[in-house]
Every structure is written in structure tokens, then in C-alpha cells.
Amino acid sequence: MGEKTIRGDVIKIFAANLFSQGLLLIVTGTFWDDWFYYYRDRTGLWKEFMEAGRPSSAYWVEAVWNIPHYGYRWLVFLLFMFTALIVYAILRNSDMFSIEEARGLSILYSVIPINDARIILCTFSYAVGLASFLGGAYILQKYMRGEKNHRLCFRIAALLLLGYSFIIQSLLIFYVAVLFYIFCCEYQNRGKISETVKAMVRYIGFFILPILFWVGKQMLFPAYGAFANYNKVTIGAVAKAVCRLPLATIKQIQRNWFGIFDFVVSGNSIMIATIFIAIYAAIRMGIWLKEKINQGIDIRLCVSVCGGGAEY
């Protein structure tokens, strides 16, 4: 893979971010919850986030709210640009994706119409947390790929970045993908489920990381006051979430998708176009999967897991 190709992909990803998120660089105004911070009430700021059990968010808001002319939005733009490039690097270094697919998925990540709330100051820490998570995942990938130099530094840096990223508590769920990646890498090297499971002991730090974070947060920064039950985990709440998640996901996708075009064309036209796009996407996905299987992707892991670990 030539440097010219990589440089061209970086330019394309930058252009995708600029055209899709460039308004962050020029838009002014105060929206939604940011009116609470309009008068720079430091006491109120820290009271809110301490009650929510998220003191780091108060720190980040206070760190950037005096940048003139809504300059923090430039930082948000740059942080999300960074995450797009990290996504590209992770996919490019993966054996599962071609360079074209890595570029395409990174551009899709940049332009997909979600997270409009990135424009407001009170969610600045989300950009920091996401950048920390993807940066940690990239360093972990380099560690798992057997980089000989600075292996201990890579391991420590990955743990620190991934641990800090949990300031966005939803990333505790996405962290499952990181653990699965570690498992897949070890399985690829060993070829047996039993030996892979034994090798997982070497990564005990990565497995207990979310537990340490959650326990530490509950002990040091529990939610109280107006946020007393914020993110409280109960069996009933988890059951309701599982039941409601599919429908809520569909509704949110529908809202985002229709919101892009509803001021131009009617809802019926959008619906018809969406059906055709979904059919086309399903066909293309089927073709892609068939190509990957024909190229000889090792599916022994899937067979072993589905078969209940036949190697035992």
C-alpha cells in the first residue's frame, strides 16, 4: 500500500468531514442545554455534573467555554476528524477489509446523520471520550499485531485510553467488541478454543477494566440529587431496555433519515426510495459476504462457538 494511496484517502476523509460537519466551524448561537452555561456559572456547572457523577465533564466544559467565537466547536470538529482517521487506520490494518472498504466505511462514519448534539458545549466531553476509545483501540491493535518496540508502553497506553473513555458510559457496551477482538486475535494464533481461553489470562487487565471503572465510579462519584437514579441498573430496567431497543432503534433511524429529506420531498417518496436502497444494500452485502467466503475467510471460530467448543 503506497503512501500516495493513504494520502489520497486521508484527503477524501477530510473532505467528507468538511462537507458534512463543516457548519461546526462557522455556526454561532446557543442551543438546548447550553443556555444553562451562558453566564459561565462555575458553581452551577460543577453542581450539575457532580450530581450526575460525571466530574470530568464539568472539567472539559470549563476548559473550553472561554474559547472565543464558539471556538470549542473547532475542537469538536478536529476530534471527530481524528476519530474518522482512526477508524480508517483500524480497518485498513484489519485483514477483513480492503483499502477501498476501509476508506468507504470511514467516510460513511463521517457523514452518517447522527449525533447532532456534538454542536453543544455540554457534550464536549463526548468527543473527548470517543477519541480516547478509538485511540485506545488503535493502540491495542498495534499491540496485538505484534509490534516489537514499546510493547509495554502500547499496553499501558491502551488501558489508560480505553479506561478513560468510559466517561461516556455507553462505551462500556461497545467495549465488548474490544474484548472480542482480543479473543479473535488469540484464536487466530492458536487455532483452538481451549488454548485461546487459557491465553486470555494474559489480558486480565482488559477484562477487569470496565468492572474497576464501574465500581470506582459508584464508590467515588455516585449520582445523587436531581440525578439520584441516573443510569441505575436493575433487572426490570434491563428487561425493559432489551424489549424496547429494537423499536426505538428503528424509530430513531427513521427520524434521522426522513429528517434529511422531508423538507424537499414527501414522506411517501422517501419511503419508496428507502425500500429500494435497502434492497440494493442487502444485495451488495450478500455479494460482499460471498466474496469474503470465497476468498477463504477462516470460519472455524464461528463453527466452534456454535458447536459449543467441539475442541474440548
Side-chain angles (χ1 to χ4, degrees), residues 31-36 47-58 60-61 80 83 108-109 112-134 136-137 162-183 206-260 262 267 270-271 274-275 278 281-282 285 302 305-306 308:
F31 309 98
W32 304 321
D33 295 353
D34 276 0
W35 284 108
F36 182 77
K47 180 178 183 295
E48 177 192 7
F49 282 110
M50 286 301 292
E51 287 187 357
R54 296 168 52 201
S56 62
S57 294
W60 284 112
V61 170
F80 274 92
T83 62
L108 178 63
Y109 164 86
I112 194 167
I114 58 174
N115 196 9
D116 292 337
R118 72 182 68 178
I119 197 173
I120 60 178
L121 176 61
C122 66
T123 64
F124 180 78
S125 61
Y126 286 34
V128 176
L130 181 60
S132 180
F133 181 82
L134 289 172
L162 290 168
Y164 184 75
S165 73
F166 296 149
I167 60 170
I168 307 179
Q169 294 181 30
S170 57
L171 289 177
L172 286 164
I173 303 300
F174 288 96
Y175 187 70
V176 173
V178 174
L179 300 180
F180 184 69
Y181 173 75
I182 294 174
F183 181 86
F206 289 95
F207 281 87
I208 66 173
L209 185 62
I211 299 173
L212 290 176
F213 171 84
W214 187 257
V215 172
K217 180 192 175 303
Q218 299 308 311
M219 293 177 61
L220 299 175
F221 303 110
Y224 63 95
F227 297 86
N229 294 317
Y230 184 69
N231 279 350
K232 185 177 181 179
V233 179
T234 63
I235 296 177
V238 171
K240 288 181 181 178
V242 171
C243 294
R244 294 175 179 176
L245 183 61
L247 182 59
T249 302
I250 293 172
K251 285 184 176 180
Q252 188 59 49
I253 292 174
Q254 179 187 15
R255 251 189 243 112
N256 290 338
W257 181 250
F258 278 57
I260 301 173
D262 60 0
I270 299 174
M271 179 63 72
T274 301
I275 292 173
M285 179 61 71
C302 296
V305 172
C306 293

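Values in this document were obtained by computation on a predicted structure and should not be read as measured data. Keep in mind that the numbers below use all heavy atoms, side chains included, and drop hydrogens, waters and symmetry copies. For reference, positions follow the sequence shown, starting with 1.
Separating the CD1 atom in Ile167 from the CZ atom in Phe213 is a distance of 8.0 Å, to the nearest 0.5 Å. To the nearest 0.5 Å, atom CZ of residue Phe80 and atom CG of residue Leu134 are 10.0 Å apart. One finds the OG atom of Ser132 at 7.0 Å from the CG atom of Leu162 (value rounded to the nearest 0.5 Å).
Of the possible polar contacts, one joining the Tyr175 side chain to the Phe206 backbone as a donor-acceptor pair under 3.5 Å is found.
Between Ile168 and Phe133, every side-chain heavy-atom pair lies at or beyond the 4.5 Å cut-off. Counting heavy atoms from C-beta outward, Trp214 and Gln169 have side chains that approach closer than 4.5 Å.
Side-chain atoms of Thr83 and Tyr109 form a donor-acceptor pair, as typed in the model, at a separation below 3.5 Å. Checking Ser57 against Ser125 by side-chain atom types alone, a donor-acceptor pair falls below 3.5 Å.
The side-chain contact (heavy atoms from CB on, under 4.5 Å) search around Thr123 returns Ala117, Ile120, Tyr126, not counting sequence neighbours. Residues meeting the ring pair (Phe, Tyr, Trp, His ring centres under 6.0 Å) test with Tyr164, sequence neighbours left out: none. Every residue two or more places apart in sequence or in another chain was checked for a ring pair (Phe, Tyr, Trp, His ring centres under 6.0 Å) with Phe49, and none qualifies.
Within a 6.0 Å sphere centred on CZ of Phe174, other residues, nucleotides and ligands contribute 12 heavy atoms or fewer.
Taking the ring centre of Phe221 as origin, the terminal cationic atom of Arg54 falls outside the region bounded by 6.0 Å and 45° from the ring axis.
The two atoms that bring Gly53 and Lys217 nearest to each other are O-CE, 3.4 Å, heavy atoms only. Listed here is the closest heavy atom pair of Leu209 and Phe166: CG-CE1, 3.9 Å.
Of the candidates Leu130, Leu172, Leu171, Leu171 is the only one forming a side chain to side chain contact (heavy atoms under 4.5 Å, CB included) with Ser165.
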